[in-house]
K.L.:
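Take this structure, written in structure tokens, and hold onto it; I'll ask about it next.
As the structure lists them, so they are numbered: ligands from 1, and atoms in each ligand from 1. Residue numbers start at 1 and run along the sequence shown. None of the values given here were measured: they were computed from a predicted structure.
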Amino acid sequence: MDINAVNALPYEDFVNIFGNVVEKCPIITASVWSRRPFVSLPALEAAISEFIDSLPESGKEGILRCHPDLAGRDLQRGTLTLESREEQARAGLDSLNSAEASRMTRLNEEYKERFGFPFVICARMNDKANILRQLSERCQNERAVERARGIEEVKKICRLRLQGLVLTDAPNKL
Ligand SMILES: NC(=O)NC1=NC(=O)NC1=O
């Protein structure tokens with residue numbers, strides 16, 4: 001699908017296709033629909049980013065809370081969204097050994113205890129070793145720093161999910 005096809009989508013199709021580019025936050029997709037036509041995929045991405053940035057702190061934390069833990073209960077139970085399952089598997093989070101799994105669980109709980117929202121990172125841009133390292137390091141940050149950092153990661157996840165859905169003019173297009 002190219003950007004012209006995106007712009008031609010009726011609302012229901014638009015939300016069905018793009019509703020999970022921000023994990024479990026279809027309201028974001030529903031809100032940017034009215035800003036079509038988008039001149040490009042980056043313009044659609046920018047509209048989503050602007051909506052997120054316009055939210056109060058509680059709204060941003062709400063977006064973070066919509067994210068499943070990495071290697072957490074949802075992965076164990078098979079209740080992850082398709083996108084999240086693929087992202088977590090690609091980072092090797094579905095094949096942790098018991099030591100890694102218990103460390104991830106402990107650090108995720110510690111992080112949530114401290115901040116009131118889960119640790120969020122773009123799994124597709126990291127491997128399990130780096131994710132564990134970042135989780136451990138970021139636990140020491142201040143809440144405001146982690147709220148901003150988590151939203152940055154949400155935007156990276158969104159960008160990659162959008163790129164998987166919309167064809168863009170490859171620069172080396174013949
Ligand atoms: N807590 C998280 O960071 N979750 C996730 N990161 C991803 O890249 N996909 C997820 O589900």
K.L.:
Using 4.0 Å as the upper bound for N to carboxylate O, is an ion pair formed by R90 and D127?
P.N.:
no
K.L.:
Using a 4.0 Å cut-off to any heavy atom of S84, which atoms of ligand 1 qualify?
P.N.:
10 (C), 11 (O)
K.L.:
Is ligand 1 under 4.0 Å from a heavy atom in the side chain of E23, in the backbone, in both, or in neither?
P.N.:
neither
K.L.:
Find all atoms of ligand 1 within a distance of less than 4.0 Å from any non-hydrogen atom belonging to C122, and give their numbers and elements.
P.N.:
8 (O)
K.L.:
Looking only at protein heavy atoms, identify the closest one to atom 9 (N) of ligand 1 and say how far it is in Å.
P.N.:
E87 OE1, 2.8 Å
K.L.:
Is it the case that ligand 1 has an N or O less than 3.5 angstrom from some N or O of I157?
P.N.:
no
K.L.:
Suppose I only count heavy atoms of V120 and a 4.0 Å limit; which atoms of ligand 1 are within that range?
P.N.:
1 (N), 2 (C), 3 (O)
K.L.:
Is any side-chain N of the basic residue among R149 and E142 closer than 4.0 Å to the acidic one's carboxylate O?
P.N.:
no
K.L.:
Using a strict cut-off of less than 4.0 Å between a Lys/Arg side-chain nitrogen and an Asp/Glu carboxylate oxygen, indicate whether R114 and E146 qualify as a salt bridge.
P.N.:
no
K.L.:
What part of P68, side chain from CB on, backbone N/CA/C/O, both or neither, has a heavy atom under 4.0 Å from ligand 1?
P.N.:
both
K.L.:
Does any part of the side chain of V6, heavy atoms only, come nearer than 4.5 Å to the side chain of I17, both counted from C-beta?
P.N.:
no
K.L.:
To which protein heavy atom is atom 5 (C) of ligand 1 closest, and what is the distance rounded to 0.1 Å?
P.N.:
L70 CD2, 3.6 Å
K.L.:
Pull out every atom of ligand 1 sitting under 4.0 Å from any heavy atom of A123, numbered as shown with elements.
P.N.:
7 (C), 8 (O)
K.L.:
Does ligand 1 have an atom that lies less than 4.0 angstrom from a heavy atom of P118?
P.N.:
no
K.L.:
What is the closest protein heavy atom to atom 6 (N) of ligand 1, and at what distance does it sit?
P.N.:
I121 O, 2.8 Å
K.L.:
At a 4.0 Å threshold, what atoms of ligand 1 neighbour a non-hydrogen atom of Q88?
P.N.:
11 (O)
K.L.:
May I ask you to decide whether E50 forms a salt bridge with R35, counting only side-chain N to carboxylate O separations under 4.0 Å?
P.N.:
yes
K.L.:
Salt bridge check, E86 against R124: does any charged N sit closer than 4.0 Å to a carboxylate O?
P.N.:
no
K.L.:
Does a salt bridge link D69 with K112, judged by any charged N lying under 4.0 Å from a carboxylate O?
P.N.:
yes
K.L.:
Do any N or O atoms from the side chain of N7 and from the backbone of R36 form a donor-acceptor pair under 3.5 angstrom?
P.N.:
no
